[in-house]
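Computed from a predicted model, the values in this text were never measured in an experiment.
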Amino acid sequence: MSPIAVDPRDRLIVALDLPSVTEAEALVDRIGDAATFYKIGYRLAYSGGLSLVRRLSDAGLKVFIDLKLHDIGNTVEDGVRALSDLGVTFLTVHAYPQTMRAAVRGRGEDGPTILAVTVLTSYDQADADEAGYAMPVADLVALRARQAADAGIGGIVCSAAEAISVRSAIGPSRLIVTPGIRPAGDAVGDQKRVMTPAAAMAAGIDHIVVGRPITQNADPRAAAQAILAEMG
Ligand SMILES: O=C(O)c1cc(=O)[nH]c(=O)n1[C@@H]1O[C@H](COP(=O)(O)O)[C@@H](O)[C@H]1O
């Protein structure tokens, strides 16, 4: 079901959260062969970034479209079908059962791997309480991971702090993808459930997603190489 990460660099996904395609292309050039997998999220996608998908894949790079879809089933199914035609490796939906089932229908037999976002890594318990979820964040992540597996989803997005319980909920063949990664000493910013690259790998995740620690670094290539070295 899941693409196998044959190149160790594929385990690092760089979030291209940049304001324009020009800046994103310049960053990809600066990083060079230190990264093979890039994520396009709201900021870039809504600034013409979907046009970059073909250019990145033509250059042999993998692409993750992170639009975190969540809508009525029909709209999600059609949206996933349209995104599948772009030829990306991963795309995201929020981990609501109806949404996930619709996404799996839209993906069809050979579409991208759908990742279900369980509880955002910018949420701690107080944020989940405020949103009305009357259960511990770790339990909510595990519940959504089980529901994702039931829906036929290919991978889970969670904090690496939940990786062990998520792995037992979804089994060995589905992917665990973890943002909220910070090398020791880096600014955490708005992330709340964070782990270092080394700790995430030790927890058994498949891919880490890293944005600002690379994109805001004066030397993004060196930052990516240091994270890869820490991942082992
Ligand atoms: O789906 C995601 O990629 C995602 C889920 C989540 O729970 N937390 C999270 O930070 N992300 C994304 O991962 C990236 C993290 O960026 P940095 O905090 O700059 O490393 C951003 O592009 C977020 O949109």
Side-chain angles (χ1 to χ4, degrees), residues 3 5 7-69 79-80 82-94 111-117 120-122 155 157-160 175-183 186-191 194 197 200 205-231:
D7 184 331
R9 294 174 299 173
D10 286 352
R11 294 193 179 274
L12 169 62
I13 301 173
V14 179
L16 285 175
D17 295 328
L18 295 166
S20 69
V21 171
T22 307
E23 284 162 87
E25 284 185 308
L27 185 76
V28 171
D29 284 346
R30 285 187 75 192
I31 292 174
D33 64 3
T36 53
F37 208 154
Y38 287 96
K39 183 169 85 79
I40 296 174
Y42 290 179
R43 191 179 192 188
L44 189 56
Y46 300 153
S47 312
L50 294 182
S51 65
L52 198 53
V53 173
R54 181 73 58 202
R55 271 176 274 168
L56 292 175
S57 43
D58 284 351
L61 299 165
K62 295 191 167 65
V63 184
F64 169 179
I65 293 287
D66 175 26
L67 297 178
K68 296 185 182 66
L69 303 180
V80 167
L83 285 170
S84 297
D85 290 342
L86 292 176
V88 298
T89 300
F90 291 160
L91 63 83
T92 44
V93 302
H94 277 289
T113 297
I114 312 275
L115 305 178
V117 180
L120 293 166
T121 53
S122 60
V157 178
C158 59
S159 162
L175 301 174
I176 301 180
V177 178
T178 59
I181 298 293
R182 289 292 181 272
D186 262 52
V188 168
D190 56 347
Q191 298 285 6
V194 296
I205 61 86
D206 297 286
H207 300 269
I208 62 172
V209 177
V210 183
R212 288 162 288 187
I214 294 174
T215 61
Q216 315 263 300
N217 195 293
D219 188 342
R221 176 177 169 83
Q225 286 172 324
I227 289 170
L228 280 172
E230 187 183 333
M231 291 167 75

> Do Leu91 and Ile114 pass the side chain to side chain contact (heavy atoms under 4.5 Å, CB included) test, and can you show the C-alpha distance, the side-chain angles, and the key distance before you say yes or no?
Replying inline: CA-CA 5 Å; Leu91 63 83; Ile114 312 275; 3.7 Å; yes
> Restricting to pairs with a member in residues 46-57, which pass salt bridge (Lys or Arg N to Asp or Glu O under 4.0 Å), not counting sequence neighbours?
Replying inline: Glu25-Arg55
>> Ignoring hydrogens, what is the shortest heavy-atom contact between Leu61 and Ala35? Give both atom names and the distance.
In response: CD2-O, 3.7 Å
>> Looking at every non-hydrogen atom in both residues, tell me the closest pair between Lys39 and Val209 and how far apart they are.
In response: CE-CG1, 3.6 Å
> What's the shortest heavy-atom distance between Ala224 and Leu12, and which atoms?
Replying inline: O-CD2, 4.0 Å
> Can you tell me how far CD1 of Ile208 sits from CD1 of Ile13, rounded to the nearest 0.5 angstrom?
Replying inline: 9.0 Å
>> To the closest 0.5 Å, what do you measure between CD (Gln191) and CD1 (Ile181)?
In response: 9.0 Å
> By side chain to side chain donor-acceptor pair (under 3.5 Å), which residues pair with Ser84, not counting sequence neighbours?
Replying inline: none
> Do side-chain atoms of Asp206 reach the backbone of Ile176 as a donor and acceptor pair under 3.5 angstrom?
Replying inline: yes
> For the atom pair CG (Asp66) and CG (Asp17), what is the distance rounded to the nearest 0.5 Å?
Replying inline: 8.0 Å
> Between Ala160 and Ala200, what is the shortest heavy-atom contact and its length?
Replying inline: CB-CB, 3.6 Å
>> Under the rule for side chain to side chain donor-acceptor pair (under 3.5 Å), what residues qualify as partners of Arg182, not counting sequence neighbours?
In response: none
>> With side chain to side chain contact (heavy atoms under 4.5 Å, CB included) as the criterion, how do Leu86 and Leu83 come out once you've worked through the C-alpha distance, each side chain's angles and the decisive distance to 0.1 Å?
In response: CA-CA 5 Å; Leu86 292 176; Leu83 285 170; 3.8 Å; yes
>> Within the 4.5 Å heavy-atom criterion, are Val28 and Leu16 side-chain neighbours or not?
In response: yes
> Which heavy atom of Val88 sits nearest a heavy atom of Val63, and at what distance?
Replying inline: CB-O, 3.5 Å
>> Applying side chain to side chain donor-acceptor pair (under 3.5 Å), can you list everything that pairs with Asp33, at least two apart in sequence or on another chain?
In response: Arg221
> How many angstroms lie between atom SG of Cys158 and atom CG of Leu115, to the nearest 0.5 angstrom?
Replying inline: 10.5 Å
>> Can you tell me how far apart CD (Gln216) and CG (Leu27) are? Round to the nearest 0.5 Å.
In response: 10.0 Å
>> I'd like to know if the side chain of Thr92 and the backbone of Leu67 have a donor-acceptor N/O pair within less than 3.5 Å.
In response: yes
>> Arg9 vs Leu228, test: side chain to side chain contact (heavy atoms under 4.5 Å, CB included). Steps then yes/no.
In response: CA-CA 7 Å; Arg9 294 174 299 173; Leu228 280 172; 3.9 Å; yes
> Given the rule in the side chain to side chain contact (heavy atoms under 4.5 Å, CB included) test, do Arg212 and Asp190 qualify, once you have shown the distances and angles that lead to the verdict?
Replying inline: CA-CA 11 Å; Arg212 288 162 288 187; Asp190 56 347; 2.7 Å; yes
>> My understanding is that only residues two or more places apart in sequence, or in another chain, count here; which of them pass side chain to side chain donor-acceptor pair (under 3.5 Å) with Glu23?
In response: Ser20
> What pairs with Phe37 under ring pair (Phe, Tyr, Trp, His ring centres under 6.0 Å), at least two apart in sequence or on another chain?
Replying inline: Phe90, His207
> Which pair of heavy atoms, one from Ile31 and one from Pro220, lies closest together, and at what distance?
Replying inline: CG1-CB, 4.0 Å
